[in-house]
Amino acid sequence: MLKIEESLSDDAIKISLNGLGSIVAALFGYKNFEELLNDKNFNNEALGNVEYVYYDDELAKRLEQIVLDEDSDNEDFSADLIFDHFEMLFEDVPFKLITGDNLAEECKDEFGRDSYNIFDGDGVSGAIAESDTLFDNIEGISIDHFNFENGFMLNNLQMQVVIIVRKKEFLAGV
């Protein structure tokens, strides 16, 4: 909260403590600052595990409402200005401010870097063992849909898997 206040002050923007609390609450997806404070899971340890802070159009609406509620005499004070300060502040923290589309891409890239882990699950590895199938390559990973209601959910993660079927009898002679 202090960093936001300092950043806004650098642009000669003065904001109430209530307004600052509302900005922080909006950034992290809470209805208000009191809800954020009452959340036992919102703490330094949890923030230390955060890699991304997701935002959508709702953040812009909330920031616009905060600007209206503040009723500032400074004509430069706007939701866009607050968001610009978010972007500057996020340059100095270990997590990224990210849209849903970009978060989906990050998930796809992360999956692509270690895609063979999908074969480690009991159901998949058991089926592989029973069928004597070797999986040679995973490519063409795409995401058709995602949502963010109770956590970030990817729907219809699609990929092309190149399968090589080799029976034990065949491999025994090699």
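Fair warning: this is a prediction, and the values are worked out from it, not measured in the lab. No hydrogens, no waters, no symmetry mates; every other heavy atom, side chains included, goes into these values. The first residue of the sequence shown is numbered 1, and numbering continues consecutively from there.
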Could you pull out the closest heavy-atom pair between Glu64 and Ala79, with the gap in Å?
-> OE1-CB, 3.4 Å

Is Leu89 reachable from Met1 through a run of hydrophobic residues whose side-chain heavy atoms are each under 4.5 Å from the next?
-> yes

Check whether any side-chain heavy atom of Leu81 sits under 4.5 Å from a side-chain heavy atom of Val67, and report yes or no.
-> no

Just jot down the salt bridge (charged side-chain N to carboxylate O under 4.0 Å, His left out) partners of Glu106, sequence neighbours excluded, or say none.
-> Lys96

Do we see a donor-acceptor contact under 3.5 Å between the side chains of Asp10 and His85?
-> no

Checking side-chain contact (heavy atoms from CB on, under 4.5 Å) for the pair Leu97/Tyr52: CA distance, chi angles, key distance, verdict?
-> CA-CA 6 Å; Leu97 185 62; Tyr52 306 102; over 6 Å; no

Rounded to the nearest 0.5 angstrom, the CZ-CD1 distance for Arg62 and Ile82 is 11.5 Å

Are any side-chain N or O atoms of Ser9 and backbone N or O atoms of Ala12, one a donor and one an acceptor, separated by less than 3.5 Å?
-> no

Straight-line distance of Asp56 CG to Leu103 CG, nearest 0.5 Å | 11.5 Å

Out of curiosity, does Leu17 fall in the hydrophobic cluster containing Leu8 (side-chain heavy atoms, cut-off under 4.5 Å, transitive links)?
-> yes

For Ile66 against Ala26, the heavy-atom pair lying closest together = CD1-CB, 4.2 Å

Hey, mind stepping through Glu45 and Asn49 against side chain to side chain donor-acceptor pair (under 3.5 Å) and telling me if it holds?
-> CA-CA 7 Å; Glu45 183 179 340; Asn49 294 323; 5.2 Å; no

Between CG of Leu20 and CD1 of Ile23, what distance do you get to the nearest 0.5 Å?
-> 5.5 Å

Here the gap from Tyr54 atom OH to Ile98 atom CD1, rounded to the nearest 0.5 Å, amounts to 10.5 Å

In Å and rounded to the nearest 0.5 Å, what is the OH to CG distance from Tyr30 to Leu36?
-> 5.0 Å

Which heavy-atom pair separates Ser16 from Glu70 by the least distance, and what is that distance?
-> OG-OE2, 2.6 Å

CD of Glu6: more than 12 outside heavy atoms within 6.0 angstrom?
-> yes

At what distance, to the nearest 0.5 angstrom, does CZ of Phe77 lie from NZ of Lys14?
-> 12.5 Å

Just wondering, are more than 12 heavy atoms of other shown residues or ligands nearer than 6.0 Å to CG in Asn43?
-> yes

Looking only at heavy atoms, which two atoms of Leu47 and Phe95 are closest? And how far apart?
-> O-CE2, 4.0 Å

Cluster check Phe42, Phe33: I/L/V/M/F/W/Y, side chain < 4.5 angstrom | yes

N/O donor-acceptor pair under 3.5 Å between Asp11 side chain and Ile13 backbone = no

Taking a hydrophobic cluster as the set of Ile, Leu, Val, Met, Phe, Trp and Tyr residues connected by side-chain heavy atoms closer than 4.5 Å, whether directly or through intermediates, do Met88 and Val53 fall within one such cluster?
-> no

Residues which pass ring pair (Phe, Tyr, Trp, His ring centres under 6.0 Å) with Tyr55, listed by chain and number, not counting sequence neighbours | Phe83

Any donor and acceptor pair, going by atom type alone, linking the side chain of Ser7 with main-chain N or O of Lys3 inside 3.5 Å?
-> no

